[in-house]
Student: 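Structure provided below as structure tokens; questions to follow.
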2 protein chains.
Amino acid sequence: MGNYTGGLSERKKLILKAVVEAHIEGGEPVGSKYIVQSNLLSCSSATIRNEMAELEQLGYLEQPHTSAGRVPSELGYRFYVDSLVEQYANTTRDIVRINQLLKAKMSELDQILETASKLASSLTNYTGIAIKPKVSSVTMAKFELVSIDNRNFAMVMITSGGTVKTKKVKTPAAYSPDALARLSELINSQICGLGADMITLPIIMQLENDMAENAFLVNPAIKAVYEVMNELDGGELRYSGLNRLLDYPEYSDTQHLSNLLGTLENQDEILELVSDPQSDEINVLIGSESPVKVMNNSALVFKPIKKNGRTVGVIGVIGPRRMDYKKVLKTIVEIGVSISNMIDGERALKQGEDNGGDDNG
Amino acid sequence: MGNYTGGLSERKKLILKAVVEAHIEGGEPVGSKYIVQSNLLSCSSATIRNEMAELEQLGYLEQPHTSAGRVPSELGYRFYVDSLVEQYANTTRDIVRINQLLKAKMSELDQILETASKLASSLTNYTGIAIKPKVSSVTMAKFELVSIDNRNFAMVMITSGGTVKTKKVKTPAAYSPDALARLSELINSQICGLGADMITLPIIMQLENDMAENAFLVNPAIKAVYEVMNELDGGELRYSGLNRLLDYPEYSDTQHLSNLLGTLENQDEILELVSDPQSDEINVLIGSESPVKVMNNSALVFKPIKKNGRTVGVIGVIGPRRMDYKKVLKTIVEIGVSISNMIDGERALKQGEDNGGDDNG
DNA sequence: TTTAGCACTTGACCTCAAAGAGTGCTAAAA
DNA sequence: TTTTAGCACTCTTTGAGGTCAAGTGCTAAA
């Protein structure tokens with residue numbers, strides 16, 4: 001990219017940019033006169049009108065009705081955002097402040113992400129999202145079985161990613177402490193390192209065999225392992241600042257807002273959306289670029305959070321299509337870097353092994 | 001109560017009930033003519049008008065403006081609800097279906113409550129809430145320390161209530177397996193059974209003393225304990241069906257809706273509200289009966305979930321003041337019973353020490 | 001290629017009158 | 001004493017009509 005002009009004259013670009021920014025700010029169609037007043041250009045409104053008519057024909061602008069000003073089309077936003085992305089791809093300034101805001105009692109990733117989402121929301125005035133996304137190929141690194149009473153024990157699992165999960169297991173019959181210790185031993189030696197799809201029936205039968213008269217403990221335990229793996233696989237999705245949606249007239253249509261809220265709550269669609277990012281850096285989905293229909297009038301900006309090259313979370317914001325992309329991109333990039341610094345200790349940006357080389361624009 | 005008439009003639013009660021139900025259904029002021037048409041009463045509209053005028057003077061009805069019909073006042077709803085509460089206080093039927101709906105992959109209380117909230121929302125068409133409420137006097141029953149690597153370990157804590165919580169602990173220096181075992185031993189003997197406010201400095205210093213050269217492990221561990229206790233203390237609050245709020249014109253005022261969403265998201269106020277129920281059975285807060293100002297036009301119906309006499313959660317719904325209390329009360333009671341059955345195994349309804357008796361409706 | 005000017009279109013907004021719903025009150029009926 | 005019919009009154013809702021301002025497209029001149 002870099003010098004790719006997109007087929008637009010320099011003046012058209014300026015006008016397009018002016019229209020987009022004016023519309024983002026005001027929310028209303030932008031007329032030729034307004035552009036002239038902002039004197040970014042030295043020409044008359046008639047000239048602007050001609051240019052705008054062409055921009056409309058090219059698909060960058062739209063006209064709600066004959067005598068209204070112009071509004072950016074999806075393509076218009078896309079053009080605008082692409083130019084911004086170049087600009088912000090490698091921003092790392094101003095992060096000090098965000099670092100400070102995030103630093104409060106943060107130790108677990110979940111908490112970091114949730115706080116980050118709140119932060120993103122309050123800094124941008126849109127709705128923030130935080131996701132612990134679908135992580136395929138989770139394996140277990142370590143098990144510990146903790147007795148609660150002789151019919152219940154807690155299963156503590158540490159995944160390859162370092163996440164700790166616990167699950168209470170209720171056994172069909174009373175067990176002895178020895179049986180539990182033996183089970184722990186076996187699971188640690190047999191199951192560790194396996195993914196969900198590698199724990200097959202033969203392995204389970206072998207376990208039952210090895211447990212002899214305590215075979216009844218195997219099934220509930222394995223079930224717990226499965227459940228945890230699936231839980232991790234599902235991911236968790238949290239929003240903050242949902243009420244900020246209401247600040248924008250775009251969502252004054254009750255039906256539309258209702259649909260959006262419903263979709264957001266359902267989680268599945270959104271999770272799928274962000275679990276499969278196009279870029280490892282910042283992603284921007286404008287309107288119908290998102291496969292979720294109800295988001296046709298909205299935009300979604302998000303950024304995967306990586307640790308040692310693996311995606312461990314996502315942060316972002318959701319808002320109207322006429323989102324203040326400038327502010328949002330900046331904020332999300334900064335928060336992203338800040339989180340990376342936090343969870344990776346010093347070496348925040350390690351050279352990716354297969355992430356396709358360099359990323360300095 | 002039972003036969004307490006509330007000072008109203010039987011006819012006034014009938015009229016009040018008719019007005020409330022008509023308004024709940026239609027959302028609009030109810031005129032005298034409408035009441036006549038529903039022929040629950042055999043008298044003319046003029047008579048109804050006289051009665052309604054009196055009901056208004058008594059404070060049970062309100063008139064939005066001179067030539068509109070009547071709308072129930074808060075007092076009117078309260079009267080209506082109180083009569084319903086009598087009716088539903090001991091319902092236990094129809095629970096079979098709810099039982100089935102809840103039975104999917106339910107093992108942990110968190111999951112049960114969240115699913116119950118969704119269920120409540122979809123059955124009533126209002127917004128469902130599920131809460132693991134503020135539980136003061138949490139103590140720890142058991143600790144287990146699981147090594148991750150020589151600078152990190154996971155702390156597994158089982159509370160007096162049987163909840164299992166884990167916390168990752170990062171140590172300021174590398175530690176030996178022996179040190180960890182020793183720490184585990186000490187914590188289990190010293191901290192178990194203590195509440196958050198009983199872990200005092202002398203105790204911590206004693207621990208450090210006992211750990212000798214491994215004293216550096218004590219502080220991070222104790223910090224983790226504190227964090228878990230506070231977490232439990234805070235409770236967790238989940239909503240489902242937020243979009244259903246939009247089905248009601250009461251929330252078409254954007255500003256109002258925004259405030260409500262903000263309050264709901266903030267959690268603190270709502271948690272406090274439901275953590276201190278007036279009744280162990282079903283609670284109904286109508287409009288300004290709730291101390292949360294933004295809920296003046298809303299109603300909150302909730303029911304504590306008890307296990308062995310201790311409150312372990314809350315389920316309920318939030319909706320407009322003109323809520324279909326009949327349906328909601330029935331639904332919440334039924335879901336509540338269903339959950340109780342589930343988490344208590346067989347003896348779902350233990351003879352309350354102070355819950356007062358039988359319940360075969 | 002740019003600009004000035006003008007006719008035209010369109011949604012936003014205001015006013016006004018009519019319609020409709022529901023009341024309170026009075027006087028007659030039960 | 002209670003209920004009912006009838007009527008005048010009040011207030012909101014709705015729609016038509018008219019004005020206004022914004023912004024355009026187009027033409028002709030610079």
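Letters go in sequence order (proteins before strands), and every chain restarts at 1.
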Student: Could you tell me whether the side chain of A:Ser67 has a donor or acceptor atom within less than 3.5 Å of a complementary atom in the base of D:dT24?
Tutor: no

Student: Taking N or O atoms only and anything under 3.5 Å, show me the protein contacts with nucleotides 1-8 of chain C, one pair per line.
Tutor:
from  : atom 1 : to      : atom 2 : distance (Å)
C:dT2 : OP1    : A:Arg11 : NH1    : 3.1
C:dT2 : OP2    : A:Arg11 : NH2    : 3.3
C:dT3 : OP2    : A:Ser44 : N      : 3.0
C:dT3 : OP2    : A:Thr47 : OG1    : 2.4
C:dG5 : O6     : A:Arg49 : NH2    : 3.1

Student: So, A:Gln267 side chain and A:Leu237 main chain: donor-acceptor pair closer than 3.5 Å or not?
Tutor: yes

Student: To the nearest Å, give me how far apart CZ (A:Arg70) and C1' (C:dT10) are.
Tutor: 14 Å

Student: Measure CD/A:Gln37 against P/D:dG23 and give the value in whole Å, please.
Tutor: 9 Å

Student: Quickly work out the A:Glu62 CD to D:dT24 C1' distance and round it to whole Å.
Tutor: 17 Å

Student: Out of B:Thr127, B:Ile332, B:Ile129, which one pairs with B:Val317 under the side chain to side chain contact (heavy atoms under 4.5 Å, CB included) rule?
Tutor: B:Ile332

Student: Measure CD/B:Glu56 against P/C:dG22 and give the value in whole Å, please.
Tutor: 15 Å

Student: Does a donor on one side chain sit under 3.5 Å from an acceptor on the other, for B:Tyr239 and A:Glu265?
Tutor: no

Student: Does the B:Tyr248 side chain pair with the main chain of B:Met323, one donor and one acceptor, at a distance under 3.5 Å?
Tutor: no

Student: If you compare every side-chain N and O of B:Ser32 against the phosphate oxygens of C:dT23 (OP1, OP2), does one of them come in below 4.0 Å?
Tutor: yes

Student: Dot-bracket, 5' to 3', for DNA chain D please: Watson-Crick or G-U pairs under 3.5 Å, [ ] where pairs cross earlier ones, | where the partner sits on another strand, dots elsewhere.
Tutor: ||||||||||||||||||||||||||||||

Student: Minimum heavy-atom separation for A:Ser279 to A:Asn283, with atom names?
Tutor: O-ND2, 2.9 Å

Student: Where the side chain of A:Gln63 is concerned, which of C:dT9, D:dT10, D:dT24 is the nearest nucleotide?
Tutor: D:dT24

Student: May I have the list of side-chain donor-acceptor pairs in residues 291-302 of chain B shorter than 3.5 Å, sequence neighbours left out?
Tutor:
from     : atom 1 : to       : atom 2 : distance (Å)
B:Lys293 : NZ     : B:Glu269 : OE2    : 3.3
B:Ser298 : OG     : B:Tyr251 : OH     : 2.6

Student: Whole-Å distance between C:dG24 P and B:His65 NE2?
Tutor: 13 Å

Student: Would you mind checking if B:Arg322 and B:Glu250 are paired as a salt bridge, meaning a charged N to carboxylate O distance below 4.0 Å?
Tutor: yes

Student: Tell me the interatomic distance from A:Glu54, atom CD, to D:dT24, atom C1', rounded to whole angstroms.
Tutor: 15 Å

Student: Between C:dC25 atom P and B:Ile48 atom CD1, what is the distance in whole Å?
Tutor: 18 Å

Student: Quick one: does any side-chain atom of A:Thr263 pair with a main-chain N or O of A:Asn259 as donor and acceptor, under 3.5 Å?
Tutor: yes

Student: What is the distance, rounded to the nearest whole Å, between atom NZ of B:Lys33 and atom C1' of C:dG22?
Tutor: 9 Å

Student: Short question: side chain of B:Arg70, backbone of B:Arg49 - any donor-acceptor pair under 3.5 Å?
Tutor: no

